[in-house]
Amino acid sequence: MADLKWWQTAVFYQIYPRSFADGNGDGIGDFKGIIEKLDYLFDLGIDGLWLSPHFPSPNWDCGYDISDYMNVAPEYGTLDDFKTFLREAHARKIKVILDFVINHTSDQHPWFLESKSSRDNPKADWYVWMDTPPNNWQSCFDGEAWTYVPERGQYYYHYFMKQQPDLNWHNPDVKKAMWDAVRFWLDLGVDGYRLDAIGTIFEDANLTPHEVPLDLAGLRDASDKAKTPEEKQQVEKYFHDMFKNQWSQPGMHELMKELRGVIDEYDGDRLLVAEDENIAYQGNGEDELHLVFNFPLMRTERITPSHIRRNQEERLAELDALPVKGWPCNTLGNHDTSRIHTRYGDRQHDAELARLHAALVLTLKGTPFLYNGEEIGMTDLIITDPTKLRDTMATWYYDRLVNELKVDPQEAALRAGTMSRDKNRTPMQWSNNPNAGFSHPNVETWLPVNPNFRNGINVRDQQNNPSSLLNYYKRLLQVRRGSSALITGEYIPLNTSTKDYFAFLRKASDQTVLVILNFSNKKLDLDFSHTKEIKGHELQILFSSAERLKTAKHPRGLAVSPFEVFIAEVAAKQ
Ligand code: GLC
């Protein structure tokens, strides 16, 4: 493993700071809370943290609308608290990457306040201004993409909420200011960045209008109503067509190269991972981003063996084709998506499926990213009281449903709550004390706590239960840590036509490991005695969700239980 970088061998864990741990009892997570939980994270066995934005923000988009790139939001603590957090994480050998929102700032950022004040101020050209709305472009959060400012008598462009004006990245002063902010945190010792929404940085230079016969509210409404595969496909196509001129436009490669140059000023060991799936942004394999996420793995209603195989075949071939081979990065959940447990469950075997999905992310080739709470099986909580929603994308939709599309308010509340990202951002469930131990008792938390913390979905109960999901994650992380094949090995799919189970090898120079994920409720009798890499060997069990004894097995007559996760080393016969 000596020739791999730390971020290739690491397992990352995403912390959503508002919901992780409330150290000062105001109902909002903070650095004091996070610091208190570092031992928990160390014990869990992760190696890196991705911290969702911790910067000052008016919170129109829960921190993804930044009003100062070089400071800490007061509700999370001070810069000193941040430094303590970083030091304490590093003391536990946990790396820290920050979330960097570069497409837009908050409309309260001093840059924007200055830019909007007149047409000839020094920052007049820092955002994207037009005399009249040049087209029908939509904001993906709140409808119209162009918003009027009386001081300038002009409109500015925003891909997200109108409180999130897009920066003009063609302006060299913007770049300089942003690179300064990048260096500020690198100088403090952070280990890299997760770059937010990079696909939205540039727009089509011809400002070509979209041709979808709906506006955003109409399209979301159509999306809610789409039931057949054809209807769903049509909606997907409309989403693509509506935004295609506002996404993935030329200029990105040059910009990512420039940013990589800034990052590489720092000992060549800091990481850039982007919220994008486009492998082309890994450049020649060493001159743009280090990683992009394998989002196509997530983009399915059910995780099936054939979906995984197809995904791996495509992604790995593309990564291998880069002049310097690229490295994969897998995840199944984050703060923008329905929680794994809910999204990929079948309401009958959710617990078993959650274990299979965890094993998948932790055994595929690449760097895994976990999302806080998935290790205890947290589920979505649909908030049906619109006054309790904090995701403004959902409150906007509720408003449009009721006032424009004349939908009954109760139905509108359910639909807005279902599409809202609040459902997967509820406070972390630490114990079965009031407020799930996230905050002090009797405090109103910023989002409601999911009441299922009382039914064992909390850290403390699971710590005390050897067969809990939490202890399952821990064991799996330990097995991964001890296996060069699982960390570095090549991926070799086996028995590729089977629908019930997904079997593959991870093969390193010093170890080969067989992984079998049985996605069916059937017991399987498998025979790997003719598989080239396994023939003449025995299978030394490293891990099983069926809690088998760690013995050796013959590769013929291998019985695998329903929904079992089976991991074994292909070892010389004793
Ligand atoms: C990214 C973030 C999301 C945010 C958006 C705008 O997609 O993950 O939470 O709302 O960018 O910054």
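Both counts, for ligands and for their atoms, begin at 1 and track the order of listing. Throughout, numbering of the chain's residues begins at 1 and tracks the sequence. These numbers come from the heavy atoms of this one structure, side chains and all, not from hydrogens, waters or symmetry mates.
- Among all non-hydrogen protein atoms, the one lying nearest atom 8 (O) of ligand 1 is Asp336 OD2, 2.5 Å.
- Atom 7 (O) of ligand 1 has Glu275 OE2, 2.8 Å as its closest protein atom, hydrogens excluded (heavy atom only).
- Of the heavy atoms in Tyr64, both backbone and side-chain atoms come closer than 4.0 Å to ligand 1.
- Note: Phe20 and Tyr13 have perpendicular aromatic rings, judged against thresholds of 30 and 60 degrees for the angle between ring planes.
- With a 4.5 Å cut-off on side-chain heavy atoms, Val273 and Trp50 do not count as touching.
- Residue-ligand proximity, Asp61 to ligand 1, at heavy-atom distances under 4.0 Å covers atoms 4 (C), 5 (C), 6 (C), 10 (O), 12 (O).
- Between the side chains of Glu374 and Tyr473, at least one donor N or O sits under 3.5 Å from an acceptor N or O.
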Chi angles and distances behind the side-chain hydrogen bond (donor to acceptor under 3.5 Å, both in side chains) call for Asn278, Ser248: CA-CA 9 Å; Asn278 190 350; Ser248 274; 4.7 Å; no
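- Among protein heavy atoms, the minimum distance from atom 1 (C) of ligand 1 is reached at Asp196 OD1, 2.7 Å.
- Counting heavy atoms under 4.0 Å from ligand 1, residue Met393 does not touch it at all.
- Remark: the Tyr64 side chain and the Asp99 side chain contain an N/O donor-acceptor pair separated by less than 3.5 Å.
- The only member of Gln14, Arg421, Arg18 that meets side-chain hydrogen bond (donor to acceptor under 3.5 Å, both in side chains) when paired with His335 is Gln14.
- Proximity to His104 (heavy-atom distance under 4.0 Å) selects the following atoms of ligand 1: 6 (C), 12 (O).
- Of all atoms in ligand 1, numbered sequentially from 1 with element shown, those under 4.0 Å from a heavy atom of His335 are 2 (C), 3 (C), 8 (O), 9 (O).
- Side-chain rings of His104 and Tyr127 stay apart, their centers remaining 6.0 Å or farther from each other.
- The closest approach between Arg425 and ligand 1 falls below 4.0 Å for a heavy atom of the residue.
- Near Phe141, meaning under 4.0 Å from one of its heavy atoms, ligand 1 places the atoms 10 (O).
- Residue contact annotation: Tyr159 has no non-hydrogen atom under 4.0 Å from ligand 1.
- The ring pair (Phe, Tyr, Trp, His ring centres under 6.0 Å) check on Phe82 picks up Phe31, His54, Phe85, Trp185, with sequence neighbours excluded.
- Residue-ligand proximity, Arg421 to ligand 1, at heavy-atom distances under 4.0 Å covers atoms 3 (C), 4 (C), 9 (O), 10 (O).
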